[in-house]
Every structure is written in structure tokens, then in C-alpha cells.
Undergrad: 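Below is the structure I would like to discuss, written out as C-alpha cells.
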There are 2 protein chains.
Amino acid sequence: MARTNAGTKGVPRAEREQQILAVASLAFGTDGFAATNLADVAAEAGISKPLIYNYFGSKEGLFAACLDEAGDLMAGEIERIARGDAVGIERGIRTLDGMFAVLDEQRHLWRLLHDRTAPSTGAIADVVSHHTERIDKLAHEGVTELLALAGDTDERDISVMTAAWLGIVDSLMDWWVAHPDETATQMNERVTRLFTALLVDIVRGDA
Amino acid sequence: MARTNAGTKGVPRAEREQQILAVASLAFGTDGFAATNLADVAAEAGISKPLIYNYFGSKEGLFAACLDEAGDLMAGEIERIARGDAVGIERGIRTLDGMFAVLDEQRHLWRLLHDRTAPSTGAIADVVSHHTERIDKLAHEGVTELLALAGDTDERDISVMTAAWLGIVDSLMDWWVAHPDETATQMNERVTRLFTALLVDIVRGDA
DNA sequence: CTGTGGTAACTTACCCGAGAGTCATATAGG
DNA sequence: CCTATATGACTCTCGGGTAAGTTACCACAG
């Protein structure tokens with residue numbers, strides 16, 4: 001007759017870590033770093049708080065691990081698209097499509113990299129800057145190409161436009177999170193239609 | 001010989017409230033609701049914490065007051081622009097110019113309405129939704145007009161595009177906050193130049 | 001032009017709950 | 001029987017919120 005629930009349950013560390021990461025990523029992505037408490041995460045994962053500390057060291061350590069996984073997934077996909085031959089607007093659309101495809105079942109991951117409630121120093125900052133640098137570099141590259149087509153090579157213009165582009169991606173992801181019934185394919189079509197409407201039809205009709 | 005620092009300093013309530021609001025808005029706008037602590041706000045305002053509670057009731061009450069002031073400033077300006085005769089892209093540019101002008105010396109105010117760390121229920125939620133509804137309504141109206149020029153009247157397309165537009169505004173404000181030396185006039189010119197580059201030069205040259 | 005009492009403007013010193021982080025301990029499996 | 005996997009029951013700090021008082025200004029009686 002067991003008086004406590006202690007003792008191994010036969011789940012190896014690597015597997016348990018993955019399971020904790022999944023639960024924690026959802027919580028962090030949904031509520032943000034500050035508003036997430038580890039007791040809840042532990043309960044949801046069906047384990048106890050000390051086990052999390054055993055495996056990840058601290059709340060920041062856990063967040064950094066979530067961040068690293070999510071950041072690598074996203075930056076990896078963006079890099080993959082960038083190696084393709086699309087240029088200008090087409091490259092933007094393809095990047096968005098790639099994000100929709102990769103994040104379909106885990107849209108909340110997008111928020112992890114932009115969490116303003118996370119500490120801006122220490123291990124977390126390192127992981128964040130590592131991945132955002134990968135992403136920003138490619139966004140900057142794409143925008144530079146795009147604006148070059150219009151003869152604009154002003155560095156600050158490029159910087160502003162890059163920020164705006166990332167803002168567009170961000171808001172589209174937000175909208176997608178708020179509309180769970182919308183599929184990746186539908187988003188894809190919608191975005192393509194909107195870009196076309198704006199850049200072709202409107203300019204020809206009205207300017 | 002004063003043993004305590006208690007006792008009035010001759011500052012009337014209305015004036016003190018304004019002063020607290022200014023300090024609090026900066027703190028909330030910079031660090032977010034959750035990461036702001038009232039002891040610091042009080043210290044920065046040169047008064048003690050209980051005075052804040054005396055005048056605003058609670059942390060949420062203080063935030064709601066900041067929000068109401070900022071929201072009214074921004075929504076008011078957007079409504080003013082909307083009453084003008086600009087349509088389509090031109091309306092978007094004028095709206096941005098208005099925001100740059102109004103927020104020039106207090107760029108952090110923009111963040112207050114989008115603070116994800118603030119409680120999403122109670123008095124704060126009411127104030128937030130009151131102002132965001134004013135703003136969203138006009139954004140939706142402007143986007144509807146714009147997309148109608150391209151023959152797109154799909155309600156979800158309009159919803160996505162509105163989200164993207166607000167995302168653009170958001171990211172431009174962020175960029176502006178991060179570049180304090182950039183004047184409102186410079187932002188104005190930059191945005192106009194970029195819209196022109198994208199919508200005219202690129203489409204004509206490449207599509 | 002003086003008391004004097006009422007009130008608005010203030011503060012010090014505290015309470016208390018939430019949540020990060022830890023310690024000592026338990027037990028299943030090789 | 002040893003160790004990786006696990007936990008119940010703590011501690012401690014931070015910060016929102018409060019109780020109880022202190023002091024300056026002001027209106028008005030004398």
C-alpha cells in the first residue's frame with residue numbers, strides 16, 4: 001500500500017522532457033512568461049514541480065528550452081524558403097505559407113519569440129537574440145531586395161520596412177490564433193488574394 | 001522638528017493625479033502592466049504608495065485611468081482623420097501622420113492599449129474594449145473601402161487585412177520608440193516614400 | 001489679526017497571498 | 001541494493017493592498 005506517489009513511473013528523462021516542453025510551450029505561448037506558473041504546468045503535465053526543476057533548473061531554463069525548440073523550427077523554415085528562388089513579394093508570400101504550414105498545429109509557438117514579459121537578460125536573452133537574428137537577417141535581406149526594385153536603398157527605410165513586414169507576419173499569426181477553424185491552406189489563399197488585390201488591382205484602378 | 005514626512009505639501013488632488021498618471025503611463029507603457037510595481041511608480045513621482053491607492057483605488061484602477069487618457073487621445077485623433085475626405089491608401093497615410101503628430105512626445109502611450117499582461121476582465125477590459133472598438137471600427141471601415149476598390153468584399157478578407165493594418169501601425173510605433181532621434185516629420189516622409197515605392201514603382205516594374 | 005477646529009493631503013509600518021525555488025524522502029527497476 | 005525517477009511539504013521574497021496616524025492649509029468666530 002503506497003503512502004506516497006513517489007518513485008519512478010518508468011518514463012525515461014528524454015521522453016518526460018519532451019512532454020513537459022509541449023505543455024510548457026502551450027502555457028508560455030498562450031499566457032506569456034510572467035503569467036505562467038510552474039505549479040500549473042506541472043499539474044497539466046501530470047507530474048510534480050520539483051521534477052521540472054530537476055530537469056530544467058529554473059523557470060527561465062524551461063522557457064529557454066521552449067524558445068530554442070520553437071525558434072529553431074521557425075527560423076529553420078524561413079531559411080529553407082530563403083534558399084529558394086523567390087524574390088520580392090513572391091518571397092514574402094512563400095515565407096508566410098511556410099509559417100502557416102509549420103505552425104499549423106502549434107500556432108501559439110509564434111508568440112514565444114515576442115514575449116515582452118520574459119526577462120531581457122541572461123540565458124533567455126541569448127536564445128531569443130540567436131533566433132531573432134536569424135529571422136531578422138532574412139527579413140532584412142528580403143526587404144532589401146524588394147525595395148531595390150523600387151530604387152530605394154536608404155538603410156533606415158529598409159529598417160522601417162523590415163519592422164513593418166515582421167509586424168504583418170505577427171498580426172496574421174495573431175488573427176490565425178483567434179480563428180482556429182481557419183486552415184493553413186485557407187490562410188495561404190487569403191494572403192495571396194489580398195496581396196494581389198492591393199498590389200495589382202488597386203494601383204491600376206486608383207493609385 | 002518634523003518627525004515624519006506626513007502632511008500636505010499643498011498640491012491639489014487634480015494636479016497630483018495628473019502627475020501620477022504621467023509617471024504611471026510611462027512605466028506601464030514601457031514595462032507593461034504586470035512588470036510595473038506601484039512602489040517604484042510612487043517613488044518616481046516623489047510620493048508614497050498609499051496616496052496612489054487613495055486616488056486610484058487599485059493598480060487596475062490606475063492602469064484604467066492611464067488607458068482612458070491615452071485611448072481617448074489616440075481614438076480621437078483617428079476619428080478626426082476619418083472625418084476628412086481621404087480614401088484608400090491616402091487615408092492610411094494620413095492616419096499614420098496623425099498618430100506620429102499626436103504621440104510625438106509620448107510614444108510609449110501606444111503600447112497601453114495592446115498590453116497583453118493586463119487583466120482581460122473587469123474595469124480594464126471595459127476601457128480597453130471601449131477604445132479599441134472605436135479604433136477597430138474606423139480601421140475596418142478604411143480597409144473595407146480600400147478592398148472595395150479591388151472588388152474584394154469577403155468579410156474574412158477584410159478582417160485579416162484590418163488585423164494586418166493594425167499590425168503595421170503597431171510595428172511602426174515600435175520602431176519609432178526604438179529610434180528616439182527620428183522626428184514625426186521624418187516618419188511621415190519615410191512612410192509616404194515607402195508606400196509609394198511599394199505600390200507604384202514595384203508593381204510597374206516587376207509585379 | 002489671532003486662535004481653533006475641520007478636512008484634504010500625506011506617510012510609516014505593517015499584513016498577506018501568490019508563486020519561485022528547495023530539502024528530505026520514497027520506490028520501482030536493473 | 002543502488003540510482004534514476006519521482007514527490008509532499010516546506011521556505012522565502014516580492015509586491016499589492018491597508019490601518020492608523022501626522023501635518024499643513026483654510027474658513028470663520030472672536
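Just so we're on the same page: letters track the sequence lines, and every chain starts at 1.
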Undergrad: For B/Y55 and C/dT11, give me the distance from atom OH to atom C1', rounded to whole Å.
TA: 12 Å
Undergrad: Does the side chain of A/D68 pick up a donor-acceptor pair with the side chain of A/H131 at under 3.5 Å?
TA: yes
Undergrad: How close or far is atom P of D/dG17 from atom CZ of B/F56, stated in whole angstroms?
TA: 14 Å
Undergrad: Go through the structure and list residues passing ring pair (Phe, Tyr, Trp, His ring centres under 6.0 Å) with B/F56, not counting sequence neighbours.
TA: none
Undergrad: Strictly below 4.0 Å: does A/K9 bring a side-chain N or O up to OP1 or OP2 of D/dA4?
TA: no
Undergrad: Can you find a side chain N or O atom of B/R16 that sits less than 4.0 Å from OP1 or OP2 on C/dC10?
TA: yes
Undergrad: Donor-acceptor pair, distance only, cut-off 3.5 Å: does the side chain of B/Q186 make one with the backbone of B/T183?
TA: yes
Undergrad: Can A/E189 and A/R193 be counted as an ion pair, charged N to O under 4.0 angstrom?
TA: no
Undergrad: Please tell me which of B/G10 and A/P50 maps to the more 5' nucleotide of DNA chain D, matching each residue to the nucleotide holding its nearest heavy atom.
TA: A/P50
Undergrad: Please tell me which of the listed nucleotides, C/dA9, D/dT7, C/dA20, lies nearest to the side chain of A/Y53?
TA: C/dA20
Undergrad: Calculate the interatomic distance between A/E15 atom CD and D/dT5 atom P; express it in whole Å.
TA: 11 Å
Undergrad: Side chain of B/T8, heavy atoms from C-beta onward: which of D/dC25, D/dT18, C/dA20 has the nearest atom to it?
TA: D/dC25
Undergrad: Between B/W110 and B/D170, do the side chains contain a donor N or O and an acceptor N or O under 3.5 Å apart?
TA: yes
Undergrad: Considering only D/dA6, C/dT11, C/dT22, which nucleotide approaches the side chain of B/S48 most closely?
TA: C/dT11
Undergrad: Quick one: A/N54 CG to D/dT3 P, roughly how many Å, whole number?
TA: 16 Å
Undergrad: Parallel, tilted or perpendicular for A/F33 and A/F28, by the 30°/60° rule?
TA: parallel
Undergrad: Produce a footprint string for nucleotides 14-19 of chain C: one letter per nucleotide, 5' end first; B if the base is under 4.0 Å from any protein heavy atom, S if only the sugar-phosphate is, - if neither.
TA: -----S
Undergrad: Over how many whole Å does the gap from A/I47 atom CD1 to D/dA6 atom P extend?
TA: 8 Å
Undergrad: OP1 or OP2 of C/dC10 sitting under 4.0 Å from any side-chain N/O of B/R13?
TA: no
Undergrad: Between D/dT7, C/dT11, D/dG17, which nucleotide has the shortest distance from any of its atoms to the side chain of A/L51?
TA: D/dT7
Undergrad: Could you check whether B/R116 pairs with A/D174 (Lys NZ or Arg NE/NH1/NH2 to Asp/Glu carboxylate O, under 4.0 Å)?
TA: yes
